[in-house]
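Okay, so here's the structure we're looking at.
Both ligands and their constituent atoms are indexed starting at 1 by order of listing.
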Amino acid sequence: MEDTTQKPHKEAKKLVLQRPKGTQDIVGEDTYRWSTVETLCRTMFQQARFQEIRTPIFESTELFERGVGEGTDIVSKEMYTFQKSDRSLTLRPEGTAGVVRSFVEQGMSRWPKPVKLFYIGPMFRYERPQAGRQRQFHQIGVELFGPESAAADAEVILLAWRLFEKLQLPGLTLEVNNIGTPECRERFKAGLRERVEPYLAELCSDCQIRFNTNPLRMLDCKVPICKTIYARPEIIEFLESDFGNDESQKHFADLLDILTSLEIPYKRNFSLVRGLDYYTKTVFEITATHLGAQNAVCGGGRYDRLMSDLGGPATPAVGWALGQERLMALVGELPKPELDFYIVTDVHTAAFPLAEKLRALGAIVEVDLSFQNFGKQLERAHRFNAANTLVLGSDEASADSVQLRNVTTKEQEHLSAEAFDQYAQRYMSQKKIN
Ligand code: HAM
């Protein structure tokens, strides 16, 4: 009988297997490079007593509006925001606001001070993708809570600088500036407006808005005509007059003294204001000549008011985040993992225990799982570039021995289990020396 219950089958639209614009797959050797760098960061952070923190990938939209600032490009143009049961949520565009939220919620003000945290993870900004600028990118960041002193600024800058030295990144410049406290900034904004006003009509439309809403942000503009105006002598002279009050000027002088004594080279950049609203006093960026237009590999500064602005206990803080994609573009050759032993076999009851024994010595070991003939398996060992190839068939297994093969010269040697143990130990200790 004919089945009348089935509806005519509509052909499904072919799925386009393509990653979203502005995102990247990190695969193959790259993942190894990324995790090598992450391991180095973790080691250096832990040596300075920074603890890892993992916060949610999404937070309430309000956190970023109030934390990063509504007048910033990040909040006004770049957030991935979505609505779920009357709640507005946003994929985190940066790490600091979430860390501060967690500090308050987890009662970290009761932890011994200073509280030192680090994070590694993806961030999301709806920006125009270009080299070094993605919509999903990764940050490695540190945040230090508690001390008000310039020594805390120096500690985090030192950490970034030494990390980059260790990775031998080329062409770096550390740029620093003091943007004062919110109080002295009001005076500064008025002074800046006064000097920019004669050129107001020539500024880009964004800067004309910034002139009223957030004049400091004008200095961050990349539009050539605006850049030319902000480089006019009377404006430069005003910026160089150091608008900070006595307290912030002393703080900055203290920081520069420490950097000088640590032989960390820096450049004073009077126009450096950074793209987030929470900064007070110190701001800094590390740029790299090899990165093209998106040349900031690391940025940060002090944010003494953010915690109290978000309703937490007043807690001075300083930190930075580096862009991992930009960092990886600067990292040169890293040692690759070498396959130490490839086991050609059809006796897995003997091959797996042998592999485990070798792995316990720290070796990287691959056991062939194909049951193909040994000729094919040997070819595969060659393709994987194994430093040592072992043949373990039923003859070897019953004699408690193994065949050690040189895949290139095709020379082979039968070794008893005991003789092979000695060989493996010698090989691994030699590898550690190299
Ligand atoms: P930020 O300057 O916005 O600061 O970002 C830090 C770093 O993230 C930049 O220097 C850059 O390397 C990287 N980055 C930013 N946007 C992108 C993108 N679209 N594509 C690729 N890389 C990007 C912050 O996020 C602050 N939370 C830093 C901080 C921590 N300040 C105090 N504590």
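Proximity of E127 to ligand 1, defined as any heavy-atom pair under 4.0 Å, is confined to the side chain (atoms from C-beta onward). Residue C298 touches ligand 1 through its backbone alone, judged by heavy-atom distances below 4.0 Å. Only the backbone of V297 comes within contact range of ligand 1, with a heavy atom under 4.0 Å; no side-chain atom does.
Between the side chains of T81 and T90, at least one donor N or O lies within less than 3.5 Å of an accepting N or O. Judged by distance alone, the side chains of Q136 and R125 never bring a donor and an acceptor atom under 3.5 Å apart. No side-chain donor-acceptor contact under 3.5 Å links S60 and E62. D309 and Y278 form no side-chain donor-acceptor contact under 3.5 Å, judged by distance and modelled atom types alone. For the residue pair R380/S370, the side-chain donor-acceptor check at 3.5 Å is satisfied.
In terms of modelled atom types and a separation under 3.5 Å, the side chain of R326 and the main chain of V297 share no donor-acceptor contact. A distance-only check finds a donor-acceptor pair linking the side chain of R133 to the backbone of R128 [under 3.5 Å].
Looking only at heavy atoms of the protein, atom 26 (C) of ligand 1 is closest to Y278 OH, 3.3 Å. For atom 20 (N) of ligand 1, the closest heavy atom belonging to the protein is Q134 N, 2.9 Å. When hydrogens are left out, the protein atom nearest atom 27 (N) of ligand 1 is E94 OE1, 2.6 Å; that is the closest non-hydrogen contact. The protein heavy-atom contact nearest to atom 7 (C) of ligand 1 is A321 O, 3.6 Å. In terms of protein heavy atoms, atom 5 (O) of ligand 1 is closest to Q139 NE2, 3.1 Å. Of the protein's non-hydrogen atoms, the one nearest atom 9 (C) of ligand 1 is A296 O, 4.0 Å. Nearest protein neighbour of atom 13 (C) of ligand 1, counting heavy atoms only, is G323 CA, 3.5 Å. Scanning the protein for heavy atoms near atom 32 (C) of ligand 1, the closest one is G319 O, 3.2 Å.
Atoms of ligand 1 found under 4.0 Å from any heavy atom of G299, numbered from 1 in the order shown, are 10 (O), 28 (C), 29 (C). Residue G300 has at least one heavy-atom neighbour below 4.0 Å for each of these atoms of ligand 1: 31 (N). Atoms of ligand 1 lying under 4.0 Å from at least one heavy atom of Y279, given by number and element, are 26 (C), 28 (C), 29 (C), 31 (N), 32 (C). The W320 neighbourhood of ligand 1 comprises atoms 29 (C), 30 (C), 32 (C), 33 (N), with distances under 4.0 Å to a heavy atom of that residue.
The closest approach between any non-hydrogen atom of G141 and ligand 1 is not below 4.0 Å. At a 4.0 Å cut-off, at least one heavy atom of R274 sits close enough to ligand 1 to count as contact. Heavy atoms of E143 approach ligand 1 to within less than 4.0 angstrom. At least one heavy atom of G132 sits closer than 4.0 Å to an atom of ligand 1.
At under 3.5 Å, a nitrogen or oxygen of T96, whether backbone or side chain, sits near a nitrogen or oxygen of ligand 1.
Taking the six-membered ring where the residue is Trp, F103 and F145 present tilted rings, their angle falling between 30° and 60°.
When the options F137, F124, Y119 are ranked by their closest heavy atom to atom 17 (C) of ligand 1, first place goes to F137.
Side-chain rings of H348 and F371 approach one another, their centers coming within less than 6.0 Å. Y266 has its ring centre no less than 6.0 Å from the ring centre of F284. Ring-centre distance between F118 and F50: not below the 6.0 Å cut-off.
The side-chain contact (heavy atoms from CB on, under 4.5 Å) test with P122 singles out one residue from Q134, R92, Q324, and that residue is R92. For the ring-ring contact (aromatic ring centres under 6.0 Å, His included) with F238, the qualifying choice from Y230, F188, F270 is F188, the only one to do so.
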